[in-house]
Participant: 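Below you'll find the structure I mean.
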Amino acid sequence: MKRILFPFSILLIAFSLSAQTNKLDINTSKLGIEIPSTMYGIFFEDINFAADGGLYAELVKNRSFEFPNHLAGWKAFGSFELKDDGPFEKNPYYLRLSYPGRNDKYSGVENEGFFGMGFQKDAEYRFSVWARNPQNDGDVELQVELVNTSSMDERQQIAEGKITVSGKEWKKYELVLKSPIALAKGSLRLVLGTNTKTLDVEHVSLFPVDVYHKDKNGLRKDLAEALEQLKPGVFRFPGGCIVEGNSLDTRYQWKNSVGPVENRPLNETRWNFTFSNRMYPDYYQSYGLGFFEYFRLAEQIGAEPLPIISVGISCEFANGSERSDKHAAVYQLQPYIDDVLDLIAFANGDPATDKWAKIRSEMGHPAPFNLKYVGIGNEQWGKIYPENLKPFVEQVRKKYPDIQIIGSSGPFPDGKDFDEMWEAMRKINADLVDEHFYRNEGWFLKSGNRYDKYPRKGPKIFAGEYACHGDGKKWNHFYASLLEAAFMTNLERNADIVRMATYAPLFAHVEGWQWRPDAIWFDNLNSFKTCSYYVQQLYSLNKGTNLLSLTMNGKPVAGNADQNGLFASAVFDKESNSVIVKVINTGDKPQSLRLNLKGLKGKHQTELTTFHAENLDGENSLENPSLYVPKTTKIEMSAPEFDVTIPAFTFQIFKIKK
Ligand code: AHR
């Protein structure tokens, strides 16, 4: 008899465990702390060809012939010569095309773009070039072609036109070509007309006409729109490690990234040789996407701009964290400090009185950009960082007391360096501290209480780079995004001290990536949003205006031992007059929950959004971009108590109209 009863009793216990109903107590009548508008934002870095070859819509690689291999990206033919006395001081190289010697030969040059050039069907492309006839002996014709070199058709050219260059002065010429087909790997070919003349070409450019907001020097529309759809509260740029550079010389220098694009000098990127298993020797920064464009984008997508500037310390992973000639000594810092002061003037100053504000105005934005934050240093640690940071803080505070300064806590979310940097940031009185955590699944699962324990006084927190990196896999699978969603309840619950958070990195070209996971992937024609992107978007669209208290047995729901892998948080949204409850079930069993909405009565229209994947390793892709997307249905909830079942491995949001 005993033998029969024993397994039966276990079964009963097991049944009662999975059928146990936990109660979430949500106090809807007492508004808690305000959720900052900056809470969920975006982190942009030119990694994975996110800028040139990505968001920046320019299709020509090495358009100014300034790569160290001056013809990288180009195939020149016939008679050609590189010259270096061009019209743009900081980009002096250009190409001279001349008579190839016989009338049945051609001189010209072909550009391969970034992993090929993407042409959309029926889309128009604006070609432009600076050119001259150095011999001044009449008109010179230049044939401009969009070509498909792998075509089996009679003609490789899919679109063509001509420009006529006259005079020995450099002038800009333009032409619009329309692509009749979609082509992922096209190229641009320029052919000198069949006469015996000579032609100089410089800054050869090809942009889609239909760029984001139809801006001059604009952005690829699908990618910029994906950012807009995130409704980010804050926009961090330009990195990341590229802020620091592999060396001080190659740090991101924003002053080189403003003014006419033709005269923005090339910079080496941090990410060309970082990983020998994914090497990109042709990866440079044209600075075509520069600080003006970043500020303009921030404004267009409604996010607070958040630039990060070098603190005179080059990448410490590459150069160590001890004092050395790899880093600027304190007495050498003034030009670096000026970069910060001048940047604030560029963004906020009066064009009538300030040189940098005048440049902003000449670039088309006389009104200030209303900059409020500046990060000084990226992932810095060691004694050198606070030593270098100190004079920056003193001078910024003195000249711009309203600007909030963000300091770094190093590359890792805990440990000796992290503790020391936090201590130093307290001493220096930073307004916010930038924390980075690229961590595995276990870390995310057990960090649901991270910020509950933080001191309430002192600098606030900017979770400036984070992503869940799967155990043994570093892709954008659903489970990683689910754990990010779980962890983010902790950000929300602690919005009094966590003021902003930006998932990282943002973009990756499928043929040009160095780092994954990333929020948005693309090739030359298409893009797709990852599960992590959707989690960010769900938080951002449901951030609400005020925190509400949400507890289970009197405790926050943060994946603790007795909480069955549940994470939850709640906010009130004044704009939509709704209570928004986020619940993440990271467990492998459905969870019965009773939502106890204290302060609500009767029936309430509710939007229920569910994000779930049967396959935890599943991810979206170019071939299947919408395999995993959140789905919203309408239900009616009765209050104060309503029973729900959260499926296993699922993120659900209840938006309850009050
Ligand atoms: O996001 C990729 C890199 O990770 C950033 O450049 C750096 O700040 C961090 O180490």
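Note that ligands are numbered from 1 as they come in the structure, with each ligand's atoms numbered from 1 the same way. These numbers were taken from a predicted model, which means no experiment stands behind them.
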Participant: Report, in ascending order of atom number, the atoms of ligand 1 lying under 4.0 Å from any heavy atom of Glu379.
Facilitator: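 So the atoms of ligand 1 that pass are 7 (C), 8 (O), 9 (C), 10 (O).
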Participant: Measure the spacing between NZ of Lys529 and CD of Gln229 and express it to the nearest 0.5 Å.
Facilitator: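 CD of Gln229 is found 3.5 Å from NZ of Lys529.
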Participant: For ligand 1, which atoms sit closer than 4.0 Å to a heavy atom of Glu465?
Facilitator: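 With Glu465 as reference, the close atoms of ligand 1 come out as 1 (O), 3 (C), 4 (O), 5 (C), 7 (C), 8 (O), 9 (C).
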Participant: A cation-pi test, strictly: NZ or CZ of Arg278 under 6.0 Å from the centre of the six-membered ring of Trp513 and no more than 45 degrees from its axis. Yes or no?
Facilitator: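 Judged by the rule, Arg278 and Trp513 form a cation-pi pair.
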Participant: Measuring from the heavy atoms of Tyr503, does anything fall under 4.0 Å of ligand 1?
Facilitator: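 Contact absent.
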Participant: May I ask you to check whether Phe317 has an N/O atom sitting below 3.5 Å from an N/O atom of ligand 1?
Facilitator: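 Between Phe317 and ligand 1 (N or O atoms, distance only) the closest approach is not under 3.5 Å.
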Participant: Dump the intermediate steps for side-chain hydrogen bond (donor to acceptor under 3.5 Å, both in side chains) on Asp338 and Gln334, then the final yes or no.
Facilitator: CA-CA 6 Å; Asp338 289 343; Gln334 198 52 47; 2.9 Å; yes
Participant: Find the distance between CG (Leu219) and CD (Glu228) and round it off to the nearest 0.5 Å.
Facilitator: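 Going from the CG atom of Leu219 to the CD atom of Glu228 covers 11.5 Å.
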Participant: Side chain, backbone, both or neither: which part of Tyr466 has a heavy atom under 4.0 Å from ligand 1?
Facilitator: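 Near ligand 1, Tyr466 shows nothing, with every heavy atom at 4.0 Å or more.
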Participant: First locate atom CD of Glu45, then atom SG of Cys241, and finally report the distance between them rounded to the nearest 0.5 Å.
Facilitator: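 These two atoms lie 6.0 Å from each other.
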Participant: From Gln404 CD over to Phe462 CZ, what is the distance, rounded to the nearest 0.5 angstrom?
Facilitator: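 With rounding to 0.5 Å, CD (Gln404) is 12.5 Å from CZ (Phe462).
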Participant: Which residue and atom name correspond to the protein heavy atom nearest atom 6 (O) of ligand 1, and how close is it?
Facilitator: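 Of the protein heavy atoms, Glu45 OE1, 2.5 Å lies nearest.
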Participant: Just jot down the ligand 1 atoms closer than 4.0 angstrom to any heavy atom of Asn378, in number order.
Facilitator: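 In order of numbering, the contacting atoms are 7 (C), 8 (O).
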Participant: With a cut-off of 4.0 Å, which atoms of ligand 1 are near a heavy atom of Gly240?
Facilitator: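 Those of ligand 1 that fall under 4.0 Å from Gly240 are 5 (C), 6 (O), 8 (O).
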Participant: Quick one: which ligand 1 atoms are inside 4.0 Å of a heavy atom on Tyr438?
Facilitator: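 Every atom of ligand 1 under 4.0 Å from some heavy atom of Tyr438: 1 (O), 2 (C), 4 (O), 9 (C).
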Participant: Restricting to pairs with a member in residues 438-459, which pass ring pair (Phe, Tyr, Trp, His ring centres under 6.0 Å), not counting sequence neighbours?
Facilitator: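 Listed by first then second residue: Trp422-Tyr454, Phe437-Trp443, Tyr438-His469, Tyr438-Trp515, Trp443-Phe487, Phe444-Phe487, Tyr451-Tyr454.
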Participant: Under 4.0 angstrom from ligand 1, any heavy atom of Gly239?
Facilitator: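 Contact check Gly239 vs ligand 1: negative.
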